[in-house]
Amino acid sequence: MKRCILLVLIFLISVSVLNAFNTGKSVLFADSYMLRAKGVEAAYWNPANLKQVKGIDFWLPIMNLGISVNNNSLDLDTYNYVVSQDFLDDEDKIKILNKIDGSLRSAVEGNISIIGFAFNNISFSSSLHLTGRLAVSERFVDLLLYGNTDSLYVFDKSTTDISGLSYADFTFGMGNFIIPFIPEPIPKIRAGFSVSALVGVGDANTQEFNGYFNSSMEGLSLQQDISLHTGIGGYGQKVMLGLASNVTPQLEVGLTLDNLFGKITWPFTTEARNISITADDVYASNIDEEFYDYTSETVDIDTYSTELPPELRLGALYSMKRANVSVDYLQGFKSSINNSNIGRISMAAQVLPLKFLPIGMGVCFGNSIYPWRVSYSIGLHTSTGEIGFGVQSIKQLFPSYKSKGLSIGSYIKVNI
Amino acid sequence: MKKYYFILITALVFLGACEVKKPTMPSWSVKLNIPLINDFFYVSDLVDSVNIVLNEDNILTVTANGEATTNEFGNLPFNPNINLTGIPLIGSSYDFYIPFTDPTGTVEIAYAELAEGVFESRLRNVDPNVDQISLVFHDIYLPNSNQNLVISSDNFDNWVTTNLDGMHLGTPNTNEIITQLHISIQVNSTLPAGTQVATLDFRSDSMISLGEFRGGLHNYPVNLNDSDSSINIDYPHGLDQTLTLEEASLQLTLQNYIGFGAEFSGQLKATNAAGVSRIIDILDENGNNFQIQPALQDGPVVTNFNLYDNITELLQLMPTTIQVIGGCFEIESDNNIGSVKPTDTMHLDYLINAPLIFTLHEHEIVINEEHEFSIPEDNRERIQKNALSASLNMQIQNMLPIGASAKLFLSNTPNIDIHNPGTYSFLKQVEIHSFNQNPGFQDVELELTKDELDLFASEQVYMRWSFSFEETGSPVTIHASSGDYIHLKGMISAEILIEED
């Protein structure tokens, strides 16, 4: 029994490190994937396109995954440079700090399929998601590299933060409903929906992070207040509505509204860890064991919810015989760990030099908090299944030493 | 499954073609600024409320007070030195007078309790017809009575001693000085009046002790007890070695419980730490002894005197001991009538004040308090191993009108003796300008060598300050308000090497 629990935990932890895209395959197209998702995936991207022509579209467990590790500042080149140095001089320090714009933000995002199948215009699926974010103020890095050369260092949640969210979805989707009473010559519009039951694995979010460090002739003072809320075990839901239409035989457009009624409630183990450190007017000559006040307490807190704010996505896909191109625009209505209220555009293209060999490329232009990225992918498609993988370079055209992060995605589906 | 991952990873590596170097931590240096001290050294901290006080103008003042008291006045000795012989006694009733004065002229009695004393009398050549002869002393009264002393005797030809203890001479509150004793003779005989009935010999040549006394006293000395009058002065921080005072005063407060005026004479003897003594006469501004008024009936008379001139000379010695020597109240009633009881005293309080208006000498004042701070073990190791260089940055504000040189002594052992280099590891010296030269903060940077820095790798570090004030040459006044201080702020700036353990 213990072994089973351990395996489940390892599994959850491992999948926790892999998650946060809607599906793993979208990595291959830099998120321009709304109208490309078919079969099971359509329930996560646009359920209007849930239309299995024949057989059952089956998602192999774990094989469909996406992982992204990225940050906004440092790249492999910088890393290699730093670790290859014996001593960092001022020039090196400047080089490092110049790469950080206010805050060193890193994120781990992941998604992994558990199981999924689609037939006719219906799908059932389940996948796991994880998002982890860490932000460290540039002032911390400055302190680390130079010491306390300035008299005052202020830290707050805008530049220093940590949060994480992991949950599993169980999604039911139906689509390919033709909206009636659409007058000619307006093309037919398909509609669909998906409903997801969410099972929260864990949540951690920084509620408060305020502090300062002051060191001058007037003494050393510091204050740091941290409040971290955690929840383990939760439940929730979300709904996605989708529309799609083939404007012309080659051009398809679509719209989705995701995360309707989206939230995860954490009713079980919820705690607040409150840490406070205070010291005032400390001098080396008057220092004693009580020169600072440190309090740390963990208290049970009431049930709370993690909101999943609604997102609007618009997309277009133009298909030709051996190629297609797409463009997506995503606009969140509120910021959260999973979304941003700043819109972003992504584009992708896929060519089939051979009928069974799709080669793709995507680019997401990003925004102020979501770094731009470029994807490259290759796959193998047959009448009985699909396999493929892709890689995404963050803030660099090709995966290289200069990339600020890397995402990988893979997919395996079979048609039974 | 494994094959799938192999293909995936191989493809990623191929696509990425990136080399990820083995993570090894480089070293780098950081500058740490650690506030070290923020101390105010107030002039008012010199106030010990004993020998260093503040006067009403907030001027730091050296003060010392002492007191001396005479012994109780006691019984007044009086010897009329009477020795009369052959006084003819005429019967049957006869009055005559015997002189009764102090041959030295010191004591004039108007009234006195006779605490101790005797008269001696002898009747000779008594006529055989005489049975008894009585002598009535009209000025002498029996104890607790208004009856006169009567000496009756039938013991002829022998000396008769009459004990006077408890009797009193004269009547209370009288202002009449008794210069002779009025004596009446009463003879019990059959002889006719006007006949000489006997011859009287009378002696009062031994000391008579007078208790409560009223009358006149002339040039009668009452001495102070010198042994009570000595006072010690403790100067904080060796202040006595540092300065020469420019002015001082002596306030004498005399409380006279004796109903006679007096003239006080005496000397002040001051001795400093080096054993050098100086003596001055206690005289008024005209060079005369101080005159003291007699006590009143309802209590003592308090008389205050202030001395200035000679006292400065005395205090410039920066004495550690001051004593009144040869103190004496010489009673002189002139033509007035005074009174005194045996229990009466005279009391002297004296207060020496020397506001710190002084000329400063170069001398080191050592701050008694020794700072101690602990260096955590981790930091000790880091300092030893990783500290590259350091400096001590200081900001100093001197609100005093005198410049100084401040020395900071550091050691890893307690009880730093600034005069013994073996008790400290090193010292740092900074020059502090006077307030007049620089009223703001003065920035000072002191570089620390690696050896000096290694001191902070000790478990405990001790720190002591000393100040040497500049020779002023001319008098300066030191106030001790809340605005008179030296403010020292210090910060250690150290360059530390960060490296992997």
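We name chains A, B, ... by the order of the sequence lines, and we start the count at 1 in each one. Just so it is clear, the structure is predicted and the values come from calculations on it, not from any experiment.
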Q: Can you tell me which portion of B:Asp39 sits under 4.5 Å from chain A's heavy atoms? Options are side chain, backbone, both or neither.
A: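 For B:Asp39, no heavy atom lies under 4.5 Å from chain A.
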
Q: Identify which part of B:Met463 has an atom lying under 4.5 Å from any heavy atom of chain A, answering side chain, backbone, both or neither.
A: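 The answer is the side chain of B:Met463.
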
Q: Do you know the tightest heavy-atom contact between B:Met491 and A:Met217?
A: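 Distance-wise, the nearest heavy atoms are CE-N, 3.5 Å.
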
Q: Can you tell which of B:Glu495, B:Met394, B:Gln395 has the highest number of heavy-atom pairs within less than 4.5 Å of chain A?
A: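 Looking at each option in turn, the highest pair count goes to B:Gln395.
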
Q: Would you mind checking which part of B:Ser29 comes under 4.5 Å of any heavy atom in chain A, side chain (CB onward), backbone (N, CA, C, O), both or neither?
A: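 The answer is both parts of B:Ser29.
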
Q: Which of residues 439-462 of chain B have a heavy atom under 4.5 Å from any heavy atom of chain A?
A: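 Residues qualifying by a heavy atom under 4.5 Å from chain A are absent, so none.
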
Q: Do B:Leu497 and A:Phe87 come within less than 4.5 Å of each other through their side chains, counting heavy atoms only?
A: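 With C-beta onward as the side chain, the pair touches.
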
Q: Side chains of B:Pro35 and A:Ser215: does their closest heavy-atom pair fall under 4.5 Å?
A: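 B:Pro35 vs A:Ser215: side chains touch.
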
Q: Taking all atoms of both residues into account, what is the closest heavy-atom pair of B:Asn38 and A:Tyr283, and its distance?
A: ND2-OH, 2.8 Å

Q: Donor-acceptor pair, B:Thr24 side chain versus A:Ser84 backbone, under 3.5 Å?
A: no

Q: Just give me the residue among B:Ser27, B:Ser493, B:Gly490 that pairs up with chain A most often, heavy atom to heavy atom, under 4.5 Å.
A: B:Ser27

Q: Who among A:Asn148, A:Asp86, A:Val83 has the most heavy-atom pairs with chain B under 4.5 Å?
A: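 The residue among A:Asn148, A:Asp86, A:Val83 with the greatest pair count is A:Asn148.
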
Q: Which one of A:Val82, A:Leu144, A:Asp92, A:Asp77 has the most heavy-atom pairs closer than 4.5 Å to chain B?
A: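 Most heavy-atom pairs under 4.5 Å with chain B: A:Leu144.
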
Q: If you compare all heavy atoms of A:Thr149 against all heavy atoms of B:Lys31, which two are closest, and at what distance to 0.1 Å?
A: CG2-CB, 4.1 Å

Q: Against B:Trp28, only a single residue in A:Asp90, A:Ile96, A:Asp89, A:Leu88 fulfils side chain to side chain contact (heavy atoms under 4.5 Å, CB included); can you say which?
A: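 Going through the options one by one, the only one that passes is A:Leu88.
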
